[in-house]
There are 2 protein chains.
Amino acid sequence: MTTPTTTPRACSVANALEVVGDRWSLLVVRELFFKAHRFNEIAANTGAPRDILTTRLRKLEEVGVLERRAYSSSPPRYEYHLTDAGRALSPVIQALRQWGDDFVTEGPPPAVFEHDCGHPFVAVLSCRACGAAADRGSLHLQH
Amino acid sequence: MTTPTTTPRACSVANALEVVGDRWSLLVVRELFFKAHRFNEIAANTGAPRDILTTRLRKLEEVGVLERRAYSSSPPRYEYHLTDAGRALSPVIQALRQWGDDFVTEGPPPAVFEHDCGHPFVAVLSCRACGAAADRGSLHLQH
DNA sequence: GAGGTGGGTTGGTTCTTCCAACCGAGGTAG
DNA sequence: CTACCTCGGTTGGAAGAACCAACCCACCTC
């Protein structure tokens, strides 16, 4: 551990955060999951300032998280939709939601999801190979 | 959906992001998972400016994500450790790492984790009740 | 007593965000 | 045909946050 670094640690977490680690991007992605696809909806539901929202949408499009689709051309109007990369952010959103539910939101969670199995959805992170939950201590760095 | 909102959507994701949704906080948490507990280590490994790091550490302490422990008193020196709430961020970090590995980091992932089961760890989000992976489409909002 | 270590502060500059107002193409009501 | 509304932005200016380099102080080692 703690390789004597002068430059920050090379890390996929940091790389991911460079793309979606600002105040609004993940809220935009959340809205797209909630099927709010239009500029005004996203602006209203996130509370993001419109100019910032414009630059975020452009950036997220550029990095391939979402795509812009014209739904009208005569006055050019666009909708925003998640790409595969964007949809792959679902675990990030759900993990944040779960943590927010458990540790920051007061009272009952504002939105409750139901899994196909019929139970209220409580997110757990598990190992794809064995299916067991990735508890603390069950992960080690390979070197 | 799309209840005619004038205020932003009430949401645990937003609440979580208000606490850890800035540029450095999750990197700090990552470092604590990596067992870098001292100010200088965290500063070097994240690349965060020292003054910003100070205010982030104070804020994260205040909201209960980490705690500050004196390891020397004569010149007062401190270490930072995750609380239970902080350790509960593990799924968020792992989900971000997985997404970074899959969609933004070029080449092989810089850090490979191994699960206790012996396989390289690939993070999957699943339902605590039934254990099945929470694929896209398997979740619905309860109303 | 010179220099290093650890955990910060401080001052000054730059960068980003934020807000309110505006815009232009088109559709709609009257 | 005129007035007004919608949609998806853009613009200017003020305020705040981030950033960087330098400094600080108690202690420890050489």
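In the text below, chain A, chain B and the rest are named by the order of the sequence lines, each starting its count at 1.
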*For Arg69(B) and dG7(C), what is the distance between atoms CZ and C1' respectively, to the nearest whole Å?*
18 Å
*Would you call Glu79(B) and Arg38(B) a salt bridge, taking side-chain N to carboxylate O under 4.0 Å as the test?*
yes
*Select one nucleotide: of dG12(D), dC20(D), dG26(C), the one nearest the side-chain heavy atoms of Asp51(B).*
dC20(D)
*Looking at dG8(C), dG8(D), dC19(D), which one has an atom nearest to any side-chain atom of Arg77(A)?*
dG8(D)
_Tyr71(A) OH to dG26(C) P, straight-line distance once rounded to whole Å_ = 14 Å
*If you find the nucleotide of DNA chain C closest to Arg56(A) and the one closest to Pro75(A), which residue's nucleotide is nearer the 5' end?*
Arg56(A)
_Whole angstroms only, please: what is the CH2-P distance between Trp24(B) and dA17(D)?_
17 Å
*Write down the distance between CG (Leu57(B)) and C1' (dG8(C)), rounded to a whole number of angstrom.*
11 Å
*Whole-Å distance between dG8(C) C1' and Glu41(B) CD?*
16 Å
*Salt bridge flag under 4.0 Å for residues Glu31(B) and Arg9(A)*: yes
*Gap between atoms CG and P, on Asn40(B) and dT9(C) respectively (whole Å)*: 13 Å
_Looking at Asp22(A) and Arg23(B), is any side-chain nitrogen of the basic one under 4.0 Å from a carboxylate oxygen of the acidic one?_
no
*Does Arg50(B) get its side chain close enough to the base of dG8(C), under 3.5 Å, for a donor-acceptor pair?*
yes
_Candidate nucleotides dG7(C), dG9(D), dA18(D), ranked by approach to the side chain of Ile52(B) - the nearest_ = dA18(D)
*Could you work out which one of dA18(D), dC27(D), dG9(D) sits closest to the side chain of Phe39(A)?*
dG9(D)
*Taking NZ, NE, NH1 and NH2 as the nitrogens, is one of them in Glu67(B) or Arg69(B) under 4.0 Å from a carboxylate oxygen of the other?*
yes
